[in-house]
Protein chains: 2
Amino acid sequence: MATPLKLHIDRSSPVPLYHQVVQGIEAAIHGGTLPAGTRLDNEIDLAAQLNLSRPTMRKAMDELVRSGLLVRKRGVGTQVVSSQVRRHLELSSLFDDLTRTGSKPQTEVLSFSHVDADEPTREALQLGTGARVYHFTRLRSVDGKPLALMENSVRDDITDMDESGLAKRGLYEILRTAGVNFRLANQRIGAVTANEYQAKLLGTEVGAALVTMERTAVDDTGRAVETGRHVYRADSYSFEMTLVQR
Amino acid sequence: MATPLKLHIDRSSPVPLYHQVVQGIEAAIHGGTLPAGTRLDNEIDLAAQLNLSRPTMRKAMDELVRSGLLVRKRGVGTQVVSSQVRRHLELSSLFDDLTRTGSKPQTEVLSFSHVDADEPTREALQLGTGARVYHFTRLRSVDGKPLALMENSVRDDITDMDESGLAKRGLYEILRTAGVNFRLANQRIGAVTANEYQAKLLGTEVGAALVTMERTAVDDTGRAVETGRHVYRADSYSFEMTLVQR
DNA sequence: GTCAACAGTATGTAAGGACATATTTACATC
DNA sequence: GATGTAAATATGTCCTTACATACTGTTGAC
């Protein structure tokens with residue numbers, strides 16, 4: 001059992017009850033009353049504590065789950081994921097796009113190692129000192145044309161990985177097969193100009209525009225599974241998305 | 001009244017009923033059975049047609065609204081927005097970010113005109129030949145440092161616009177004040193290298209990396225209100241987002 | 001001692017009813 | 001004829017109830 005979640009619900013307010021709950025829990029998470037990892041009481045108890053029906057409570061939690069603040073697991077319970085998420089958003093999948101559009105992506109593994117995680121990686125994956133990760137770089141091509149240069153680190157307590165598997169299957173496919181259920185990812189998209197190394201591998205010129213993407217993905221248990229930095233040829237790749245206002 | 005929406009609901013399927021409805025309507029929209037702009041029957045009738053309860057029907061429509069395929073308006077009805085949206089996603093607001101972080105953005109209006117829309121603009125905003133739009137370019141700076149170069153077109157049947165208003169208030173603020181309720185936007189993020197014009201205005205060098213963003217925004221009535229192309233200095237701007245898996 | 005069945009727990013799905021509120025349309029009043 | 005009000009319509013919110021299903025831990029049989 002966790003804290004009884006002291007929220008004030010004002011039934012005379014024009015603000016819908018479920019939204020009051022959302023705001024209250026959001027505030028509690030951002031304010032530190034509910035630190036990351038906290039287990040909430042079950043829906044029925046929570047509803048009773050606030051004198052709400054379960055559907056109303058559930059609708060509130062639905063929103064919080066969608067916005068990435070909470071994670072639910074059937075038969076288990078609900079947990080606070082992160083207090084970092086600033087805003088509700090979602091986005092399309094990533095390179096799975098390629099296979100969906102019918103193209104046949106090819107992957108060349110440029111390097112592969114099982115090493116002690118360096119400091120930035122440990123921070124991104126929330127690992128302690130001395131933790132080991134798989135670290136590798138890949139070059140992805142479509143129709144023989146190089147498209148993306150990808151550097152990734154994956155925690156090593158999920159599944160064994162090897163070079164040949166990475167060449168045949170996408171990283172996410174491998175991890176999903178290993179039982180990982182991805183729930184959310186933090187991404188940052190920017191731009192750089194190609195250095196000599198990147199230009200050579202991507203078949204373009206030094207100084208050409210590249211799209212960069214850094215990402216850390218979290219699974220349904222709340223642990224950070226994978227972090228990486230990708231660069232794409234700007235002339236053949238861009239991120240397309242549809243944003244929905246709530 | 002619209003078409004009675006012939007969907008097959010299999011109550012013995014392990015797929016939840018509401019999700020069967022989502023899939024069915026999604027398919028109908030993508031398949032052209034429900035073209036953009038179609039008015040659906042009201043929730044109660046639809047539920048009755050499929051022998052479902054209203055909450056179940058509503059849950060299905062909730063998802064479709066969230067994914068951007070449908071638009072609901074209280075007291076009015078539900079409408080198909082677009083068949084283009086391929087995937088559920090959302091994202092943070094845009095340059096409002098700046099004011100939220102406490103910075104004081106400044107805007108310089110570089111050009112402003114009320115002109116016949118050119119072909120790409122007409123297509124983006126779904127306007128007929130001869131339609132007129134406001135077209136303008138702005139330079140946004142933070143703490144005196146130029147950050148973004150923005151080119152936009154806005155349909156002219158919403159509100160009168162002028163140069164001085166744009167310098168003082170954000171575009172979205174102006175449009176919202178004019179009664180526009182934004183519902184969704186299509187965005188594409190990429191990269192280019194700065195040309196001479198861009199370099200000069202953004203205070204950087206020719207060949208520097210820039211982040212590009214093209215966007216078309218749609219309001220709750222389903223009409224495309226605004227379209228634009230922005231470029232940002234890559235060394236001081238990137239798009240950060242949290243993706244949530246459903 | 002190992003493994004399988006079972007009970008407990010928490011979320012997932014679904015139904016049905018009731019009332020609130022925003023929008024539009026039609027009507028009645030001034 | 002203009003204006004304000006009321007009815008009709010459709011979505012928004014909320015409650016009660018019921019059963020399904022996934023996961024965990026414990027108990028019991030072999």
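Here is how names work: the chains are called A, B, and so on, in the same order as the sequence lines, proteins then strands, and each is numbered from 1. Values reported hereafter were calculated over all heavy atoms of this structure, with side chains retained and with hydrogens, waters and symmetry mates removed.
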From CG of A:D62 across to C1' of D:dT13 the rounded distance in Å is 15 Å

Would you say A:E123 has more than 12 foreign heavy atoms packed within less than 6.0 Å of its CD? no

Looking at A:K59, does any N or O in its side chain come under 4.0 Å of the phosphate oxygens OP1/OP2 on D:dT13? yes

Holding to side-chain contact (heavy atoms from CB on, under 4.5 Å), I want the full list of residues that pass it with A:D162, two or more places apart in sequence or in another chain. A:S164

Which value, rounded to the nearest 0.5 Å, describes the distance between A:L34 atom CG and A:R39 atom CZ? 13.5 Å

B:E214 meets the side-chain contact (heavy atoms from CB on, under 4.5 Å) criterion, sequence neighbours left out, with B:R188, B:R229

Under 4.0 Å between a side-chain N/O of B:R72 and OP1 or OP2 of D:dA10, yes or no? no

At a cut-off of 3.5 Å, list every protein nitrogen or oxygen paired with a nitrogen or oxygen from nucleotides 14-17 of chain C, distance to 0.1 Å.
| from | atom 1 | to | atom 2 | distance (Å) |
| --- | --- | --- | --- | --- |
| C:dA14 | OP1 | B:L17 | N | 2.3 |
| C:dA14 | OP2 | B:L17 | N | 3.2 |
| C:dA14 | OP2 | B:Y18 | N | 3.3 |
| C:dA15 | OP1 | B:R11 | NH2 | 2.7 |
| C:dA15 | OP2 | B:S53 | N | 3.2 |
| C:dA15 | OP2 | B:S53 | OG | 2.9 |
| C:dA15 | OP2 | B:T56 | OG1 | 2.4 |

Examine distances only and state if a side-chain atom of B:S13 and a backbone atom of B:V15 form a donor-acceptor pair shorter than 3.5 Å. yes

Could you write out each protein N or O paired with an N or O of nucleotides 3-10 of chain C at a distance under 3.5 Å?
| from | atom 1 | to | atom 2 | distance (Å) |
| --- | --- | --- | --- | --- |
| C:dA10 | OP2 | A:N42 | ND2 | 3.1 |

Separation of atom CG in A:L40 from atom C1' in C:dT11, rounded to whole Å: 13 Å

Can you tell me if B:T227 uses its side chain to pair, donor with acceptor, with the backbone of B:R215 under 3.5 Å? yes

Whole-Å gap separating C1' (C:dC19) and CD1 (B:I44): 12 Å

Tell me: CD1 of A:I9 to P of D:dT13, nearest whole Å? 15 Å

Non-neighbouring partners of B:R54 that pass salt bridge (Lys or Arg N to Asp or Glu O under 4.0 Å), sequence neighbours left out: B:E43

Give the table of side-chain donor-acceptor pairs shorter than 3.5 Å for residues 128-135 of chain B, with sequence neighbours excluded, one pair per line with atom names and distance.
| from | atom 1 | to | atom 2 | distance (Å) |
| --- | --- | --- | --- | --- |
| B:R132 | NH2 | B:H114 | O | 3.1 |
| B:Y134 | OH | B:M161 | N | 3.4 |
| B:H135 | NE2 | B:E151 | OE2 | 3.1 |

Can you find a side chain N or O atom of A:R58 that sits less than 4.0 Å from OP1 or OP2 on C:dT11? no

